[in-house]
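Note sheet for the following structure.
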2 protein chains.
Amino acid sequence: MNVSADQKLGAADIAALIRREISKGGLQLHDRLPPERVLSDSYGAARGTVRKALMRLEKEGFVETRPGSGTYVVHQPDDNSASAIEHATPLELMDARFALEPHICRLAVLHGRQADFDRMEELCNRMEECTDDPVAFSDADTDFHRALVECTRNGLLIWIIDQIATVRSEDDWTRMRHLTLDRRTIATYNTQHRQILNAIRTREPERAANIMKEHLETARLSLTRASDT
Amino acid sequence: MNVSADQKLGAADIAALIRREISKGGLQLHDRLPPERVLSDSYGAARGTVRKALMRLEKEGFVETRPGSGTYVVHQPDDNSASAIEHATPLELMDARFALEPHICRLAVLHGRQADFDRMEELCNRMEECTDDPVAFSDADTDFHRALVECTRNGLLIWIIDQIATVRSEDDWTRMRHLTLDRRTIATYNTQHRQILNAIRTREPERAANIMKEHLETARLSLTRASDT
DNA sequence: CTTTTATGGACCAATTATATACCATTTGAT
DNA sequence: ATCAAATGGTATATAATTGGTCCATAAAAG
């Protein structure tokens, strides 16, 4: 269908573009869209085509059109961080961690200080005392990853990790899995945490990142294993 | 959407501008808006038009108007932990993108569909028509990276990228830099965008990720170069 | 071929915008 | 306490804008 440069835009295409603009927030609630005649000009389509697109969006509930006045946005995109973030599945969450945490390790190597490493060391110790207490281990684990991102001195990354941690704590599936952590898995996590810390201490960014990938792979496995149960 | 200079502003447009100003924090709680006559002058609209805009905002609960006194802001914008995220520096932002986007490329290879690629292709075309319009290019660039993350079908990642885009658009430093993009830099970006898209199309995750790293390195260079000025 | 869709133009009815004038209340200085 | 300036409230006549509709034609899809 749609292959190259200045393709003629159909009603469906235009509707998609406007729908996207609303979802993205470029067009907010109560905003008025440009007049149909302007839209038809800027999209390079006939006015009738634009009208079809708008009628479509109206049926979908994105837009309301008042004769003589204009077409207005009537749709609150579920942006309130709650619904967008709380509906994250554990697998989406794992993918996000896969994106973030290995690189966070690299940045930790660059910006981490002695005090950071001492704190992470202390958290490793705490986790190793928790082989029989999955709940306490889980808390310490969250703290460890938070301490790790704090090494980066990057407020934005810290904020993102905090958001993810919030999802993680509110996610029943993941919480359930944490409660059923067996001793062997916890032991694996512990050695991986230690290895990550050591790699950061000895300023080996790629090694730290790679161990983090292993660590996350382990976590993903235990996640899928739990979901099979 | 609104690009040109002296565009006729309707009541809906003026309402939108003020609504955004309140949401952004430029107008805070209990602040008094300029008199209607001043607003009508500065927006280049008749006073009646401004009044309609204000009446709309009053119905929406953004504003309260007291006869003989003035119009006052009555709305607390949802303070979505904005404080933590709005203070992000451009360099922090780059590090976050370095963490996220290469892996997003890998996920795009896994989950992207034909329609996604078509859209990205279209955005590449749009960007290539913008070598002389840094503002339009910048918008299309943001859309491209947003389209890229949409390939992942991962609501959490999409949300995170949106947050970063919000920071980016509100960050004066970055915006300033976008206004001074030279043709050569834009050309470099364009070839990199194409290469990324092609690598995703041919399902080569690591190649896509690596080109993205190059792309971000280019962006970081142009950022530090601008900060030296 | 038939059907659907898009185009370009014209006109209508409703709404909106403009420009101006004047009133009522508040505010602040005297 | 008083007065003048500033501000929102209202009214009106006119012009401009906007969506709604219809039509003849052309292009694309099935």
Side-chain angles (χ1 to χ4, degrees), chain A residues 1-19 21-22 27 30-75, chain B residues 1-19 21-22 27 30-75 114-115 118 122:
Chain A
M1 299 286 193
N2 227 345
V3 188
S4 74
D6 277 330
Q7 200 87 15
K8 297 278 184 180
L9 295 177
D13 303 309
I14 296 177
L17 288 174
I18 297 178
R19 202 183 299 114
E21 201 64 26
I22 293 175
L27 287 171
H30 294 131
D31 281 0
R32 191 184 67 172
L33 277 66
E36 294 176 352
R37 291 167 174 91
V38 174
L39 286 176
S40 75
D41 196 51
S42 68
Y43 285 127
R47 195 183 151 207
T49 310
V50 172
R51 298 198 93 253
K52 282 194 177 178
L54 292 180
M55 290 190 302
R56 218 162 147 162
L57 290 175
E58 187 165 24
K59 282 178 185 169
E60 294 173 14
F62 282 89
V63 119
E64 174 188 288
T65 153
R66 296 205 292 272
S69 173
T71 307
Y72 298 82
V73 176
V74 185
H75 184 250
Chain B
M1 280 294 186
N2 26 13
V3 183
S4 78
D6 342 280
Q7 205 147 32
K8 283 276 186 175
L9 295 178
D13 303 307
I14 295 175
L17 288 174
I18 298 177
R19 203 184 296 116
E21 199 61 30
I22 293 175
L27 287 171
H30 295 132
D31 279 359
R32 194 187 77 172
L33 292 131
E36 294 174 352
R37 291 168 174 89
V38 174
L39 286 177
S40 77
D41 197 51
S42 68
Y43 283 126
R47 195 182 149 209
T49 309
V50 172
R51 299 201 88 255
K52 282 200 171 180
L54 293 179
M55 290 191 301
R56 291 170 96 129
L57 290 175
E58 187 164 23
K59 281 179 186 169
E60 294 171 16
F62 282 88
V63 119
E64 175 188 284
T65 153
R66 295 204 291 273
S69 174
T71 306
Y72 299 83
V73 176
V74 185
H75 183 252
Q114 189 59 39
D118 289 344
E122 179 198 320

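Throughout, protein chains are lettered first and strands after them, A, B, ... in sequence-line order, and every chain is numbered starting at 1.
- Residue A/Gly70 is classed as a sugar-phosphate contact, given heavy-atom separations below 4.0 Å to backbone atoms only.
- Nucleotide D/dC23 holds its P atom 16 Å from the CZ atom of A/Arg47, rounded to whole Å.
- When rounded to the nearest whole Å, the span between CD1 of A/Ile14 and C1' of C/dT5 equals 12 Å.
- Along DNA chain C, the nucleotide closest to A/Thr49 and the one closest to A/Arg37 are compared, and the more 5′ of them pairs with A/Thr49.
- Remark: P of D/dG19 and CD of A/Glu36 are 5 Å apart, rounded to the nearest angstrom.
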Compile the donor-acceptor pairs under 3.5 Å between side chains in residues 48-59 of chain B and protein atoms, sequence neighbours left out, one pair per line.
| residue | atom | partner | partner atom | Å |
| --- | --- | --- | --- | --- |
| B/Arg51 | NE | B/Glu36 | OE1 | 3.1 |
| B/Arg51 | NE | B/Glu36 | OE2 | 3.4 |
| B/Glu58 | OE2 | B/Thr65 | N | 3.4 |

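- The end-to-end axis angle of the helix from C/dC1-D/dG30 to C/dT30-D/dA1, rounded to 10 degrees and based on five pairs per end, is 50°.
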Exercise. Show your working on side chain to side chain contact (heavy atoms under 4.5 Å, CB included) between B/Tyr43 and B/Ile18 and close with a plain yes or no.
Key: CA-CA 11 Å; B/Tyr43 283 126; B/Ile18 298 177; 3.8 Å; yes

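- A distance-only check finds no donor-acceptor pair linking the side chain of A/Arg66 to the backbone of A/Tyr72 [under 3.5 Å].
- For the pair B/Leu33 CG and D/dT7 P, the interatomic distance rounds to 12 Å; values are reported in whole Å.
- Minimum heavy-atom separation, A/Arg32 to B/Ala12: CB-CB, 3.5 Å.
- Contacts between residues 50-69 of chain B and DNA chain C, counted as heavy-atom distances below 4.0 Å, involve B/Lys52, B/Pro67, B/Gly68, B/Ser69.
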